[in-house]
Number of protein chains: 2
Amino acid sequence: MSKITIQQIADLAGVNKATVSRVINGNSKISEKTREKVEAIMKQQNYVPNSIARGLAFNKTFTVGFYSDYTDKRAYANPFFYKVLQGIEEIVYNNDHMFLMMSDHVNKKSKSTFEKVVSQHRVDGLIIPNTLLTERNYDLLVKHKMPYVVTGENMLPKGGVPWVDIDNVQAGQILTEHLIELGCRNIMIYAGGEAVKRDKFLADRLKGYTETMTRNQLDISVIQHGDVLKTFNFSEGSVKSEISGIAHPDALICCTHEQLFEILDWERGNPMLSELALATFDNFPLSKYMTHPVHFVDIDLEMMGKQAAKMLFSLMNKEPSVPKSISIQTRIGN
Amino acid sequence: MSKITIQQIADLAGVNKATVSRVINGNSKISEKTREKVEAIMKQQNYVPNSIARGLAFNKTFTVGFYSDYTDKRAYANPFFYKVLQGIEEIVYNNDHMFLMMSDHVNKKSKSTFEKVVSQHRVDGLIIPNTLLTERNYDLLVKHKMPYVVTGENMLPKGGVPWVDIDNVQAGQILTEHLIELGCRNIMIYAGGEAVKRDKFLADRLKGYTETMTRNQLDISVIQHGDVLKTFNFSEGSVKSEISGIAHPDALICCTHEQLFEILDWERGNPMLSELALATFDNFPLSKYMTHPVHFVDIDLEMMGKQAAKMLFSLMNKEPSVPKSISIQTRIGN
DNA sequence: ATGAAAGCGCTAACAT
DNA sequence: ATGTTAGCGCTTTCAT
C-alpha cells in the first residue's frame with residue numbers, strides 16, 4: 001500500500017491539499033508555476049489519488065458494469081461473445097473508467113449480484129443483455145436511477161429502453177442477395193418454428209430473407225427441420241423432393257451455427273457438397289476445419305459493444321438527445 | 001438513488017449511527033432488543049450500506065479482480081475459459097465481494113489498466129493468468145502489496161508465487177492408462193516440438209504419457225506433425241508405416257483441440273475410423289457433431305477457478321499457512 | 001450497551 | 001489564485 005495521500009503531496013509542495021485537488025482535476029484557476037510544482041511532486045512521489053475517496057466525494061464509482069448470465073451457454077460458449085466485451089472495454093477504458101463484470105449469481109442468503117450492484121451503486125452505469133432485462137431488473141434500474149443500455153433489441157413492453165443491436169433483417173437481406181448474385185434461385189432457409197417465435201433475431205433474419213426473395217420474385221422456402229432437406233436426392237440430380245415435392249434447392253441459409261453443423265454433419269455421407277451453397281450468419285472459429293465452404297455475413301460484435309458503451313456514457317453524462325436505439329449494419333464476410 | 005443513509009436509519013430507530021454500524025457489522029456488544037429494532041428498520045427502509053463509504057473507512061474495496069488478455073484468442077475464444085470465471089465468481093460472491101474483470105488494455109496517454117487497478121487499489125486481490133504475470137506486473141503487485149493468485153503454473157523465476165493449475169502430468173497419465181485398459185498397446189502421442197517447449201502444460205501432458213508408457217513397458221511414440229500419421233496405410237491393415245517404419249498405432253493422443261481437429265479433418269477421407277482410438281484433453285462443445293468418438297480427460301476448470309479464488313481470500317485474510325500451489329486432479333470423461 | 005467525536009482521502013463552497 | 005472548512009457515509013476509538 002503506497003499510503004501517500006493528497007495531504008502529503010500538499011505538504012511536500014508547500015500548498016494546501018485543495019490546491020493539489022485542483023491540479024488533479026484540471027481546475028483552470030491555478031497558476032502555471034504551482035501547477036508545475038505540484039505535478040512534479042506527484043510524479044516524483046508516484047502519487048495516485050485514492051479512487052475510493054474520490055468516489056465518495058463525487059458520489060461516483062468511475063466504473064461501468066456488464067451483467068451477464070453464465071448459465072446462458074449460448075452467450076458464453078460463443079467465442080464471439082468476447083468481441084462484444086472487447087468493444088465495450090475499449091470505450092470504457094478510454095473514458096477512464098473500470099469495467100465490472102458480473103454474472104447473475106444468486107446467493108442463497110442474500111440478494112442477487114445484480115440487485116446488490118444496483119442498490120449499492122457499485123457502478124455508474126450498466127450494460128445488460130436483453131435476455132436479462134426482466135421486469136424485475138428493469139424496475140430496479142429505474143428505482144435506483146441507474147443509467148443502462150441493453151444489448152440486443154429491447155423485448156420488454158416498456159418505452160424508452162435504450163438498446164443496441166445487430167440489424168438482423170438487413171443481415172438476412174444481404175445474405176440472400178449475395179446468394180442471388182451468385183446465381184442461386186431456389187434458396188431455402190432453415191428456421192425452426194419454435195425458435196423463431198422465441199428469438200427475435202431469428203425472426204428478423206427470416207424476415208430479411210423473405211423480403212429479399214419476394215422483391216426478386218423468387219419462391220420462399222422455409223424448412224423447420226433438417227430432415228426435410230434429407231428427402232431430397234441430391235446425388236441423382238432430381239429436381240423435386242420425392243416426398244415434399246418442393247423444388248430442389250441450390251442454396252441453404254442456416255440461421256444458427258447449430259443448424260449449420262447439423263447439416264454439415266449429415267452431409268458427410270452425402271454428395272450434395274458441390275450442389276448446395278451453404279450460408280449462415282456470423283463467422284465461426286472452426287470454419288477452417290470445414291471442407292465445405294460456407295457463405296456468411298460478417299457481424300461486427302465489437303462495434304456493437306462500442307456503440308453500447310458510447311451510448312451508456314452519453315446517458316451517464318446526461319447528454320441531450322441521446323438516440324434510443326442503434327442498429328448495427330452487417331456485410332458479407334470474406 | 002436511494003439516498004437513505006446510516007444516519008437516517010439511526011434517527012428512525014432512535015439510536016446513534018454508531019449503533020447501527022455495529023448492527024451492520026455484527027458487533028456482539030449490542031442488546032438483542034435494539035438489534036432487532038434496527039434490523040427491522042433497515043429491512044423496512046430497504047437500506048443498503050454505501051460500499052464506497054464503507055470501503056473508505058475499512059480501506060478496502062470488497063472487490064476481487066481478474067486480469068486477462070483479450071488478444072489471447074486461445075483464452076477468450078475457448079468456451080472453457082468461462083468455466084474458470086464461473087468458479088471464481090461462485091467463491092467471490094459467497095464472500096460478499098464484487099468481481100472486477102479487466103483486460104490488459106493499454107491506453108495511449110496513460111498507464112495500463114493493470115497498473116491503474118493495482119496502484120489505485122481498485123481491488124483487494126487479483127487473479128492473474130500465468131501468461132500475464134510478467135516481471136513488470138510481478139513487481140507492481142509486490143510494490144503495492146497486492147495479494148494475488150496465478151492460474152496456470154508460475155513460469156516466472158520468482159519464489160513464493162502462489163498458483164493453481166490443472167495437473168497435466170496426471171491428466172496425461174490417466175488418459176494413457178485409460179487407453180491401455182481399453183486394450184491399446186501402440187499408443188502414439190501428437191505433441192508438436194516447438195509448442196512443447198513453449199507451453200509447459202503440453203510438456204506435462206507428454207510427461208504423463210511417457211511415464212505411464214514406460215511403467216507399462218510399452219513403446220513411446222511421439223509425432224510432431226500430423227503428416228507422419230498419414231504415412232500409415234490404415235486401410236490395408238499394414239503393421240508398419242511404409243516410410244517411418246514405426247509400428248501401426250492403435251491409439252492417438254492429441255494434446256490440443258487443434259491437433260485433434262487436424263486429424264479429424266484429414267480422417268474424413270480415410271477409413272481409419274474403426275482402427276484408431278482418438279483421445280484428447282478437455283471436452284469440447286462441438287464433440288456431439290463428431291462421428292468419431294473421442295476419449296478425453298475431464299478437466300475441471302470450474303474447480304480451478306474456485307481453488308484460485310479460495311486461495312486468494314486466504315491470502316487477503318492473511319490466514320496462516322496458505323499453500324503456495326494447488327494442482328487440480330483430472331479424471332476420464334464421459 | 002450506547003453515544004459523541006474523530007478520521008478514512010478527497011472535493012467544493014466559501015473565504016481571502 | 002490559494003487557503004479554510006465542511007462534508008461524502010461509514011467505522012472506530014474513547015467516553016459514559
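So you know, we letter chains A, B, ... as the sequences are listed, proteins then strands, and number each from 1.
- Of the charged side-chain nitrogens involved, none lies within less than 4.0 Å of a carboxylate oxygen, so that B/Lys17 and B/Asp11 do not count as a salt-bridged pair.
- Closest approach of B/Arg122 and A/Thr61 over heavy atoms only: NH2-O, 3.1 Å.
- The aromatic rings of B/Phe99 and B/Phe66 sit tilted, their planes meeting at an angle between 30° and 60°.
- Side-chain contact of B/Arg54 with B/Asn25: a donor-acceptor pair under 3.5 Å is present, judged by distance alone.
- Note on ring orientation: taking the six-membered ring where Trp is involved, the planes of A/Phe313 and A/His97 are perpendicular (angle over 60°, cut-offs 30° and 60°).
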(request) For nucleotides 2-10 of chain C, just jot down a letter per nucleotide in 5' to 3' order: B, S or -, based on protein non-hydrogen atoms under 4.0 Å. (result) BBB---BBB
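- Look at CD1 on A/Ile9: it is 17 Å from C1' on C/dT11, rounded to the nearest Å.
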